[in-house]
Amino acid sequence: MGGFPIIDVAIGLALTYLLLALICTTLMEWVAQVANLRGRMLVEGIRSLLGETKDEAPLTQVVLNHSLIRGLGENNRMPSYIPSPVFAQELRDTLTGPDTAKGATKSLVSRDLSASLQALGSAAPEPGKDAMPTEAAIAKWFDHSMDRLSGTYKRTTRTVILLLSLALTLAMNANTISLSSMLWQSPTLRAYMVERAKTRLEQGRPLATVEYADPLSPQVTAPISTDSAKSPDRLLAEEQDMLGQLFTWRGEPQKIKALQARYGALPGAGVWAVVALIGWIITALAISLGAPFWFDTLNLFMRARAAGDVPAKTTETIK
Amino acid sequence: MKSGRFLGSLLFLVAAFASRLSAQDFEVRLKKAWATKFADRTSIQAKMVIHHAHKSPNPIKSGGDDGDMHFSGESADVGLPFVAEIVNAALPGEQSAVSDVKASEGSTSNVIVTGAWRLWFEHPSTTQTQGAHNPFSPDNTNPDHSFEIHPVSQIEQDGVQASFVLIKNYTPYTADVAFPYFDKAKLTIKASSSGISLRSKKLKYNYVGFGIELTHKPKKVSDGYIVLAKVLSGDGDEEAANGERRMIFVDGTAAAAKIQTAAAGDRFDVLGIPRINLNGVLALVAKHGTAQFDAQLPYEMIIVGVK
């Protein structure tokens, strides 16, 4: 299928975006871990749920300092996930425990939280008692709140990934227009990229798994961890070398000089800047689509090249 | 000539890229012990909180117009957002159960729903994890889901096993169309020590009309019968599926009553719904441990009615 160089160019671009997206995913996980992004967003979510502000969140502190919740985090950090039954139990214990009788905890309950608890609680509370919702009702309330938080987290990570994509693109000078031109002009480079693409596809797209605390019990319980954060897909040494050779800042001054010689000093620099800017933006946007997207796209392009479907490591049949 | 070929290639790439934007993979992560519990069961009993219910059953014609009544909700016994469906919901005998469902819509109280469990990537979410907090979205009778109780056999005390019959005036998918599609579908599987992740493209073909020829005597399980059978095309002359498949018969249904005395070699014309064969998934996981692998989709057929 050597007569369709444009498909090979597309394969080269898809492979490059896939590798850059993998780097970006690793960077994102590193940022999320270092900044404890999930834990911090969870605290903010709980603070908002309990009707408290960043400056004054005494009840949030009491709930989060409870041993059951602290025990969920590693190295004294906030956990990234709290099972709703645990939160419900903690909040109920905090609000109905011995300290409440002395009025110590009751004073921590904000007006917003009080209204929420009233709405969740019994419609006909016992005389003289507050309507305290059941653990199931609190758990459901917490779950709904976590729904919203999950959406917020996704939006935040999308923004961070886009920023990281831009930073990575600029740091590497990963210009889609330059790369397309190189691929179009060099059959050798195209052939090399196609070979590398085959190797990459043979690695398979990683699937995240979860672990459960009670592996032998068939009852449904919340998972305790996921390996999705480990990003099992790593760049091979050859792929790192390839990216290093494709993208560099080294030849750029010569390119600018050549354009200046052709168009004049300022227009030449301007042409270089516009082309580079467009190339960088395309690259950054492409990277932000994520590695799984580019893995599947690469697979599609490879099939289109009539090389046949790249065989998976194992394809089993069972009746 | 050369520019025509270039433009053709370019158009192809644009079309392929656009199709990639819509054809994505979907994942569901299950607890391994839960999957093991239900692998050789025909059905599940779940205490369900019903969020939404159809006002009336679907019309009957073909495809999605199947006469089912859908209701959506959640259950701690399932740990995933799901939909339950009463087959032949317009039949007079099912009206008490249909009323139970409508009366419980939007309530926070549990309704005990029993029926065939069904894992199938028909309306999947990008990712769902059993037991984790999975968004119930869209908040209607058809949220993103890969799990169903379908068909329902009992709601509280109201048995609807009599609804497990052929759907009058409904044109199901034919074996020649559905089974080659099922046989071609792939499932990517990866297990941890306590969980199993499954990834697939969207799957289709709910109701299929086909013939079966039993290759073994039906096996009694705790809540019905499971039998291995060859899948035959409509005229019964050719095998429509590649080899034997498990056929699932839920206890108390007319289909189960017909099959329990059957023997190897007996033939039946049936109406069935596909589901992922968890027994097959677990067998593959036992072989591969925690390595990721692709497999031909392990599936089996829930038998709704026998002609």
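These figures come from a predicted structure and were not determined experimentally. Here is how names work: the chains are called A, B, and so on, in the same order as the sequence lines, proteins then strands, and each is numbered from 1.
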Which atom pair, heavy atoms only, marks the closest approach of A/Tyr212 to B/Thr129?
OH-CG2, 4.1 Å
Neighbour count >12 (heavy atoms, 6.0 Å) for atom NZ, B/Lys37:
yes
List in chain and number order the residues that pass side-chain hydrogen bond (donor to acceptor under 3.5 Å, both in side chains) with B/Ser193, two or more places apart in sequence or in another chain; answer none if no residue qualifies.
A/Glu211
With a 4.5 Å cut-off on heavy-atom pairs, point out which of B/Gly79, B/Ser192, B/Ala76 contacts chain A the most.
B/Ser192
Tell me, side chain or backbone of B/Thr36 under 4.5 Å from chain A's heavy atoms, or both, or neither?
neither
Is the shortest side-chain heavy-atom distance between B/His133 and A/Phe142 below 4.5 Å?
no
Shorter than 4.5 Å, heavy atoms on both sides: which option in B/Thr127, B/Asp77, B/Val78 has the most such pairs with chain A?
B/Val78
Could you pull out the closest heavy-atom pair between A/Val220 and B/Trp34, with the gap in Å?
CG2-CD1, 3.5 Å
Which atoms form the tightest heavy-atom contact between B/Ala132 and A/Pro223, and what is the distance?
N-CD, 3.5 Å
Scored by heavy-atom pairs under 4.5 Å with chain A, the best of B/Gly195, B/Ser197, B/Ala291 is B/Ser197
Contacting region of B/Ile189 [heavy-atom separation from chain A under 4.5 Å]
backbone
Side chain, backbone, both or neither: which part of B/Phe136 has a heavy atom under 4.5 Å from chain A?
backbone
Within this structure, what is the CD-OG1 distance for the pair B/Gln130 and A/Thr221, rounded to the nearest 0.5 Å?
8.5 Å
What part of B/Leu187 lies closer than 4.5 angstrom to a heavy atom of chain A: side chain, backbone, both or neither?
neither
Validation row: A/Pro215, B/Lys31 side chains within 4.5 angstrom (heavy atoms):
no
Report, by ascending residue number, the residues of residues 42-51 of chain B in heavy-atom contact with chain A at a distance under 4.5 Å; give 'none' if the set is empty.
B/Val49, B/His51
Heavy-atom pair of closest approach, residues A/Thr209 and B/Ala191
CG2-C, 4.0 Å
